[in-house]
Amino acid sequence: MNYLNDIRQSVSRWIESVTEKSFDANSVGIDFCKKEFEGDFTILIFPLTKIIGKAPEQIAQQCGDHLLAESKISSFNVVKGFLNISLPDSFWLNELEQINTIDLLTRIRKNCTPSSYLIEFCSPNTNKPLHLGHIRNIAIGWSNYKILKALGHDVDTTQVINDRGIAICKSMLAWKKFGNGETPTSTSMKGDHFVGQYYVLFENKFRQEYSEWQQTEQAKTLFSNISKTDSETDFFREYKNDYFNQYSLLGKEAKEMLLAWEAGDQEVRALWSRMNQWVYEGFGQTFEQLGVRFDSNYYESETYLLGKDIVDDGLKRGVFYRNHDQSVWIDLTDVGLDKKIILRSDGTSVYITQDLGTAVKRHEHFKKQNYVYVVGDEQDYHFKVLFETLKKLNVEFSAGLKHLSYGMVELTTGKMKSREGTIVDADDLMQEVIEEASEGAMERGELAELSLEEKNQIFYKIGMSALKYFILKVNYKKRMIFNPKESVDMQGNTGPYIVNAYVRIQSILRKAGEVENWSISQIPIHPQEKVVITQLLDYPSVLQETAELLDPSKLANYCYALAKDFHKYYHDCRILNAETQELKKYRIALCKNVSQTLEHGMECLGISMPERM
RNA sequence: GGUUCCGUAGCUCAGCUGGAUAGAGCAUCUGCCUUCUAAGCAGAGGGUCUUUGGUUCGAAUCCAAACGGAAUCACCA
């Protein structure tokens, strides 16, 4: 509430004159006045009792008299240690004049020191399509990108695509064995879904093979020899991975394929690129639908061997040490973590090896001050280890590393599990929410005269606003319970509610036509207008706080609050039919500001709004 | 067991740099469309802010412990 600095200064000067000691104006506590009390703002007097040494009511009274004498306020009242002040109409008119004349970008970038960021998010595996978890990840990553960008920072987006490994080999193998040469085109399927289908097929075939194997003598002997439980079911559930690695024919074939891939086998590589290409085409459509893009992609197939030179360097400098079996480790017990392996005894990489390599390579490339990794909180420990390791390696960018750790998305029925078919597919979900939006819009019938294409564009925007807002309004750190029914809600605290406020203003502005600029004059201010102006004045600091915390839910909640205040205003006050021309011009100016702020805020959440609905 | 995160209305969430009678939405009930888009507005009911201590004039907010839940502690990614 920087716009109250004048009041703060005045209060602190008064305190100084009473106590004859210096007093920091910034520590004057001012809050919005509660609805139940009369006044615009409330000055907290309690903290001053010790300094001044009088009863709170007495201080409040004297402070109020002082402000009144200096004409800073129009009236005040005292309730216990609360000094409720009302500001003169001229204050509100001046503030509105300010936001009217000073460009929004200038206002939000005030006191903002430009910095640079690389934001990594999404980071999919290429063996299956994107799901709800990715949507949360992408919504958070993209929104932070938009917010930081809006504040004038230099920001790039990137993702690491996990395009190699056993998983994609499973899809490849299943396609090779059972695919009969089908392609996404021949089956009219989206490429990522097509490839994902073969991953599922592999798993099914494998499970079938496994359950048949469980009937063999070999399996039964194994069970009686090594099982610690009496339950065959429990044992074989636990044993699945070992079976895959030791006995499974399909497992053997998949692993051979992985080895062939690593050896650069031409046929395997060709199949691999072909199938990954299908997946990328599918992902591309999903990204487009989500309205996001990446400035760069890192492919694991190109980075998985990185990091070995860093291991050598770390060994030389004594940051890492070599175990007797030749594996390489780092001791992080001094920072409260464990000893962690950096390189296997056979010299091959582990997860963190390539992450170290990728981090260093990226910095060579981008030279950013901040590197934000949008990755689920299940990997908190990994990132602690990664960052501590980089710190010990003394890389110059270690201070700017940040794991934006978001909570997992769960369904009302529990976790999403592919085995139980409870994965919420990203494309399906978007489809569903857009359909819901179109049904609602058709019922309302506001769009009757528009073309089909225009209508579809609007349904799409409304639907996506519902979905994205639903996800972003929750603080990213929190584990999120996703109720599909609520995600398509269009009423109450939802994206469409905010869109509706914006659309109402657009409708007014269309009807108003060209209106000459409003200039300050004697205008009676409606209480709800004070609320709306206050909210508008708050926008720059909300945006800056959002950026500082990398927490879009702050901004989402602000947008809702502003929309809510506007809806009430719209209900309370006539705009086009205002009592006088001056009042009408002023109200339209206010509406324009609300509209602009909503549009900017929602844009920063990655939500673009339609002009009508 | 160690570490980290979480516990606010029936449900989903705000509020947490300490301030007045703890807020929204959904769901339930009641009003308001011949006037700028009713995806709206107004109202009703619904709470020992997990518990217990502590700090303070004042605690949902800070500290400690307990209870409950989650994640992680792989030569998996």
Side-chain angles (χ1 to χ4, degrees), chain A residues 29 31 33-34 36-37 42 44-47 49-50 56 79-82 84 123 125 160 162 165-167 241 300 304 323 325 327-329 336-338 340-346 348-355 376-382 384-385 405 407-408 410 412 415 437 440-441 443-447 462 466 470 473-475 477-483 485-487 489-501 503-512 553-554 556-557 560-561 563-564 566-578 587-588 591 612-613:
Chain A
D31 227 326
C33 189
K34 289 220 162 201
E36 309 84 67
F37 299 93
T42 298
L44 298 172
I45 300 298
F46 291 105
T49 49
K50 265 188 196 150
V79 181
K80 290 189 276 182
F82 300 95
N84 300 321
S123 303
N125 298 317
V160 173
N162 302 298
I166 193 71
N241 267 337
E300 201 203 348
Y304 82 110
N323 207 354
D325 68 353
S327 56
V328 177
W329 295 72
L337 303 169
D338 300 315
K340 294 295 295 183
I341 191 159
I342 301 291
L343 201 65
R344 292 192 185 108
S345 54
D346 63 4
T348 57
S349 299
V350 289
Y351 185 38
I352 201 164
T353 324
Q354 49 178 305
D355 269 4
D377 63 9
E378 57 193 353
Q379 295 194 40
D380 283 356
Y381 185 75
H382 169 72
K384 273 187 191 156
V385 171
S405 157
M408 296 285 101
E410 288 177 23
T412 43
K415 288 181 190 166
E443 269 174 40
R444 287 158 54 86
E446 290 279 348
L447 306 172
I462 298 171
F470 183 76
K473 74 176 173 182
V474 180
N475 182 302
K477 282 181 220 145
K478 284 207 164 184
R479 195 180 82 199
M480 186 182 161
I481 313 286
F482 185 87
N483 184 334
K485 226 192 276 168
E486 285 171 13
S487 73
D489 267 352
M490 310 268 157
Q491 267 140 33
N493 187 354
T494 66
Y497 175 95
I498 300 167
V499 173
N500 186 223
V503 163
R504 280 178 148 181
I505 298 174
Q506 300 322 302
S507 175
I508 289 172
L509 296 180
R510 273 195 303 273
K511 290 194 169 122
S553 72
K554 287 264 181 302
N557 286 315
Y560 173 68
K564 191 173 162 64
F566 176 77
H567 275 307
K568 182 167 167 53
Y569 175 51
Y570 179 90
H571 178 265
D572 288 354
C573 299
R574 307 270 83 197
I575 291 151
L576 292 175
N577 303 326
R587 286 184 173 169
I588 286 173
C591 284
R612 20 182 126 220
M613 68 194 292

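Quick caveat: nothing in here was measured; it's all calculated off a predicted structure. Chain letters run A, B, ... following the sequence lines, proteins first and then strands; every chain starts at 1.
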- [ ] State which residues pass side-chain hydrogen bond (donor to acceptor under 3.5 Å, both in side chains) with Asn84(A); sequence neighbours excluded, sorted by chain then number.
- [x] Thr42(A), Asn77(A)
TODO: Applying side-chain hydrogen bond (donor to acceptor under 3.5 Å, both in side chains), name anything that partners Lys34(A), two or more places apart in sequence or on another chain.
DONE: none
Specify the closest pair of heavy atoms between [X] and [Y], including all atoms of both residues, with the distance to one decimal.
X	Y	answer
Asn493(A)	Lys473(A)	O-NZ, 3.1 Å
Thr494(A)	Asp489(A)	CG2-O, 3.7 Å
Gly492(A)	Tyr560(A)	O-CE1, 3.9 Å
Tyr497(A)	Lys564(A)	OH-CA, 3.0 Å
Tyr381(A)	Lys340(A)	CE2-NZ, 3.7 Å

Taking [atom1] from [X] and [atom2] from [N], how many angstroms apart are they, rounded to a whole number?
X	N	atom1	atom2	result
Asn125(A)	C76(B)	CG	C1'	12 Å
Met490(A)	A38(B)	CE	C1'	16 Å
Ile166(A)	A77(B)	CD1	P	11 Å
Asp380(A)	U4(B)	CG	P	11 Å
Asp338(A)	G2(B)	CG	P	14 Å
Asp377(A)	U72(B)	CG	C1'	9 Å
Arg574(A)	U37(B)	CZ	C1'	12 Å
Asn577(A)	U35(B)	CG	P	11 Å

Span that lies between the [atom1] atom of [M] and that of [N], in whole angstrom:
N	M	atom1	result
A22(B)	C13(B)	C1'	14 Å
G69(B)	A24(B)	P	33 Å
A27(B)	A9(B)	C1'	12 Å
G18(B)	G10(B)	P	29 Å

How many angstroms lie between atom [atom1] of [X] and atom [atom2] of [Y], to the nearest 0.5 angstrom?
X	Y	atom1	atom2	answer
Ser487(A)	Phe482(A)	OG	CZ	3.5 Å
Asp338(A)	Lys384(A)	CG	NZ	11.0 Å
Asn500(A)	Phe566(A)	CG	CZ	9.5 Å
Leu447(A)	Met613(A)	CG	CE	9.0 Å

Task: Contact nearer the 5' end of RNA chain B, comparing Lys34(A) with His382(A) - done: Lys34(A)
Open item on the list: Let me spell it out: for each of Asp346(A) and Pro496(A), pick the nucleotide of RNA chain B with the closest heavy atom. Which residue's pick is nearer the 5' end?
Closed with: Pro496(A)
Heavy atoms only, 4.0 Å cut-off, all strands: where does [X] land among base, sugar-phosphate and nothing?
X	result
Gln491(A)	sugar-phosphate
Cys591(A)	nothing
Lys384(A)	sugar-phosphate
Glu300(A)	sugar-phosphate
Thr348(A)	nothing
Asn323(A)	nothing
Tyr560(A)	sugar-phosphate
Ala512(A)	nothing
Leu337(A)	nothing
Tyr381(A)	sugar-phosphate

Taking 4.0 Å as the cut-off, does a side-chain nitrogen or oxygen of [X] come that near to OP1 or OP2 on [N]?
X	N	answer
Tyr569(A)	C36(B)	no
Arg504(A)	A38(B)	yes
Lys564(A)	G25(B)	yes
Lys511(A)	U37(B)	yes

Can you pull every protein N or O that's under 3.5 Å from an N or O on nucleotides 9-14 of chain B?
unit_1	atom_1	unit_2	atom_2	d
C13(B)	OP1	Ile481(A)	N	3.0
A14(B)	OP1	Asn475(A)	N	2.8
A14(B)	OP2	Lys478(A)	NZ	2.9

TODO: Taking Arg344(A) for its side chain and Val350(A) for its backbone only, find out whether a donor-acceptor pair lies under 3.5 Å.
DONE: no
Open item on the list: If we ignore hydrogens and angles and just use 3.5 Å, is the side chain of Asn323(A) paired with the main-chain N or O of Asp325(A) as donor and acceptor?
Closed with: no
Of the nucleotides [options], which has the atom closest to the [X] side chain?
X	options	value
Arg510(A)	U37(B), G40(B), C36(B)	U37(B)
Phe82(A)	A20(B), G40(B), U72(B)	A20(B)
Ser345(A)	A20(B), C73(B), C75(B)	C75(B)
Lys568(A)	C41(B), C36(B), A24(B)	C41(B)
Leu576(A)	A20(B), C36(B), C41(B)	C36(B)
Arg344(A)	C75(B), U4(B), C36(B)	C75(B)

Protein and nucleotides 55-60 of chain B: nitrogen or oxygen contacts under 3.5 angstrom:
none

Open item on the list: By a 5.5 angstrom centroid cut-off and a 30 degree plane limit, is there stacking between Phe37(A) and A20(B)?
Closed with: yes
Task: Electrostatic pair Arg479(A)-Glu410(A), nearest N-O below 4.0 angstrom - done: yes
Task: Strand RNA chain B in bracket notation, Watson-Crick/G-U under 3.5 Å with | for pairs to another chain - done: (((((((..((((.....[...)))).(((((.......))))).....(((((..]....))))))))))))....
Open item on the list: Suppose we call a contact any N or O donor and acceptor under 3.5 Å apart; does that hold for the side chain of Asp31(A) and the base of A20(B)?
Closed with: no
- [ ] Would you kindly check whether a donor in the side chain of Arg612(A) faces an acceptor in the base of U37(B), or vice versa, at under 3.5 angstrom?
- [x] no
Task: side-chain contact (heavy atoms from CB on, under 4.5 Å) against Gln506(A), all qualifying residues, sequence neighbours excluded - done: Tyr502(A), Leu509(A), Arg510(A), Ser595(A), Glu611(A)
Task: For C62(B), glycosidic torsion class - syn if within 90° of 0, otherwise anti - done: anti
